[in-house]
Structure formats: structure tokens, C-alpha cells
There are 2 protein chains.
Amino acid sequence: MDDQNLKQTLTPSTQSALKKTLDIICGKWRLFIIFQLGTETRRYGELRRMIPDISEKVLIQELKALIELGVLEKKSFNEVPPRVEYNLTARGLKVLPTLYQLTSVGEVFLEP
Amino acid sequence: MDDQNLKQTLTPSTQSALKKTLDIICGKWRLFIIFQLGTETRRYGELRRMIPDISEKVLIQELKALIELGVLEKKSFNEVPPRVEYNLTARGLKVLPTLYQLTSVGEVFLEP
DNA sequence: GTTTGTACTAACCTAATGGTTCGTAACGTA
DNA sequence: TACGTTACGAACCATTAGGTTAGTACAAAC
């Protein structure tokens with residue numbers, strides 16, 4: 001019995017899309033950051049207070065990663081003390097409804 | 001300016017649902033395994049050939065984890081050579097459509 | 001009688017993830 | 001003059017995720 005009946009159900013383009021998705025949502029904090037931003041603009045310090053369990057370093061690190069992925073954008077104002085604002089990009093807003101649906105997945109598995 | 005205007009937009013139950021979701025889908029291979037199973041029943045060796053880049057140890061490890069999470073179930077037949085079959089649970093099937101949508105997220109960010 | 005196939009386990013290693021602590025600039029406030 | 005505030009960077013460490021390699025039982029095929 002050879003493998004010709006084992007069709008690869010995932011096309012290469014589906015596979016790379018999935019990998020990109022995982023880049024964006026995997027990690028302990030990324031979805032939380034995206035959800036806390038939502039459609040709003042928030043300062044770094046606001047986000048830190050909204051997600052109190054994340055460490056400063058990791059928050060900055062994750063924000064930077066999400067910017068590089070094209071999910072977030074950042075505006076720095078030349079003020080003292082510094083002011084920096086973050087918000088979702090157009091693409092980020094576009095996928096937000098799909099990401100919100102992910103809570104329902106967890107809910108299904110938390111049902112008794 | 002105190003923090004009373006920083007409403008925690010995520011309720012505790014939403015947060016734990018999100019964490020559960022991340023348990024299920026995070027990791028390099030879990031979504032691929034779930035997608036390759038889909039509505040079918042597959043033997044271990046079939047899965048291994050359908051996801052050729054995964055190592056044997058990691059596939060078994062991830063299958064075991066997904067079983068413990070309630071996403072998959074497994075049937076062992078007392079035969080030689082051994083035969084073991086995997087398929088999604090009812091809950092797994094229930095969230096499958098939502099998980100399929102995740103490819104669209106990556107697609108948005110892969111657009112030029 | 002040696003090899004092949006199945007579904008694993010065990011031992012070990014590396015790279016990435018997440019966390020802790022400390023330090024920075026320049027201003028407003030006490 | 002000392003201190004708090006803001007948004008970070010640097011150095012360092014612990015844990016986890018993922019990977020490699022080897023070995024197991026036992027029947028069937030060659």
C-alpha cells in the first residue's frame with residue numbers, strides 16, 4: 001500500500017498562511033495585547049496597567065514584534081517625559097473579528 | 001490621574017477562555033495536526049506521512065497533549081504490528097470551523 | 001534468517017521564550 | 001536638592017519547546 005491515497009489536504013499557500021497566523025497569535029501575551037488595544041489608541045503605560053502580569057521587558061518586546069509583523073503601529077512624541085502611542089494597523093483591524101472568535105474555542109473546552 | 005478610567009476590557013472568564021484556546025492552538029504543529037485530521041480518522045503513520053517535517057517524538061507528544069486537552073481521542077487495537085487510530089472529539093469538531101478561519105488571518109498579512 | 005513495518009519510550013541536546021533586576025534622560029514637583 | 005515619572009535598553013537566568021538518535025516487541029515478507 002503506497003501513499004498515493006494520502007492526499008495532502010493543506011496546500012502550500014494554506015500552510016504558509018497558517019504559519020503567519022501562528023507568528024501573530026502564538027505566545028503568552030500577543031492576543032491579550034491585541035485585544036486590549038482593539039480599536040483604541042493606547043500609551044505604553046496604559047497597556048502595562050491593563051495587563052498587570054506582563055513584565056515591562058516582555059511587553060516592549062512583544063509590541064516590537066507585533067509592529068514588525070504589521071499588526072500594530074506606534075507614534076512617538078518628542079516630549080519629556082516621553083509619550084508613545086500604539087494602535088492596530090488597518091490589517092490588524094481587519095482580522096480583529098476573527099481573533100475575537102477565538103475565545104469561543106476556549107469556552108467550548110471549559111464547559112463541564 | 002488614577003487608573004479608574006482604565007477599564008479592564010477582558011473579563012476573567014474571557015481571559016481563561018483565551019488561555020485555553022492558546023493551549024490548544026499554540027505550538028508549531030498543533031493546528032496542522034488538527035487540520036490534517038479534520039473529520040477523518042487517521043492512523044499514527046498516516047499523520048506522520050502527511051506532516052513529513054515533524055519528528056516522531058514530537059508528533060506523539062503533541063497527539064498526547066491534544067488528547068489530554070480533549071481535542072482528540074485515540075483507539076488502540078491489540079494487533080501486531082500495532083494499529084492506533086486518532087480522530088477529533090465532538091468538541092474538537094465543534095471548533096473546527098473557527099480554527100479553519102485562522103488561515104484567513106495569515107492571508108491578510110501575506111498580501112502585498 | 002535477516003530485513004521491514006508499526007507505534008511508541010528514553011536519553012540527551014539546543015534554541016527560543018519569558019522573567020528579574022538595574023540603569024538611562026530630562027522634566028515637574030516637593 | 002532629592003524624588004517620581006515615562007518608555008525604554010542591557011545583562012543575565014530559568015524554563016520550555018522542539019529536535020536527534022537509539023532502542024523495543026513481534027509478526028509478515030523476502
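Residue numbering restarts at 1 for every chain, and letters A, B, ... go by the order of the sequence lines. Keep in mind that this is a model prediction, so the values were computed, not measured.
When only modelled atom types and interatomic distance are considered, Ser16(B) and Ser13(B) share no side-chain donor-acceptor pair under 3.5 Å.
Contact record, Leu47(B) with Gln36(B): CD2-CB, 4.3 Å, taken as the closest heavy-atom pair.
Side-chain N or O atoms of Arg30(A) include one that pairs as donor or acceptor with a backbone N or O of Asp23(A) at under 3.5 Å. Glu40(A) places no side-chain N or O within 3.5 Å of a backbone atom of Leu37(A) that could act as its donor or acceptor partner.
For the pair Lys19(B) NZ and dG18(C) P, the interatomic distance rounds to 13 Å; values are reported in whole Å. Rounded to an integer number of Å, the gap from CD of Glu46(A) to P of dC8(D) is 13 Å. When rounded to the nearest whole Å, the span between CG of Leu59(A) and P of dT17(C) equals 16 Å. The interatomic distance linking Leu63(A) (CG) with dA7(D) (P) rounds to 11 Å, in whole Å. In this structure, the CD atom of Glu85(B) is 12 Å from the P atom of dC8(C), given to the nearest Å. Here dA7(C) presents its P atom at 9 Å from CZ of Arg83(B), a figure rounded to the nearest Å. For the pair Ile60(B) CD1 and dA11(C) C1', the computed distance is 15 Å after rounding to whole Å. Arg30(A) has its CZ atom 10 Å from the C1' atom of dT17(C), to the nearest Å.
Closest contact between the side chain of Lys57(B) and the listed nucleotides dT6(D), dG18(C), dG18(D) involves dG18(D). In this structure, the nucleotide among dG19(C), dG9(D), dG18(D) sitting nearest to the side chain of Lys28(A) is dG19(C). Of all nucleotides listed (dG19(C), dT6(D), dG9(D)), dG9(D) comes nearest to the side chain of Lys64(A). Counting only heavy atoms from C-beta on, Val80(A) has its side chain closest to dA26(C) among dC8(D), dA7(C), dA26(C). Here the nucleotide nearest the side chain of Tyr86(B), chosen from dG18(D), dC8(C), dC8(D), is dC8(C).
Annotation: of the two residues near DNA chain C, Pro81(B) and Glu62(A), the 5′-most nearest-nucleotide partner is Pro81(B). Of the two residues contacting DNA chain D, namely Pro82(B) and Lys74(A), the nearest-nucleotide position lying further toward the 5' end is that of Lys74(A). Residue order along DNA chain C, read from the 5' end via each residue's closest nucleotide, puts Tyr44(B) first among Gln61(A) and Tyr44(B).
Taking side-chain N and O atoms only, Arg43(A) has no distance below 4.0 Å to OP1 or OP2 of dT6(D).
Here Glu56(B) lies in heavy-atom contact (under 4.0 Å) with a base. Phe77(A) comes within 4.0 angstrom of nothing in the nucleic acid, heavy atoms only.
Cluster membership for Val80(B) and Val84(B), using ILVMFWY side-chain heavy atoms within less than 4.5 angstrom, is not shared.
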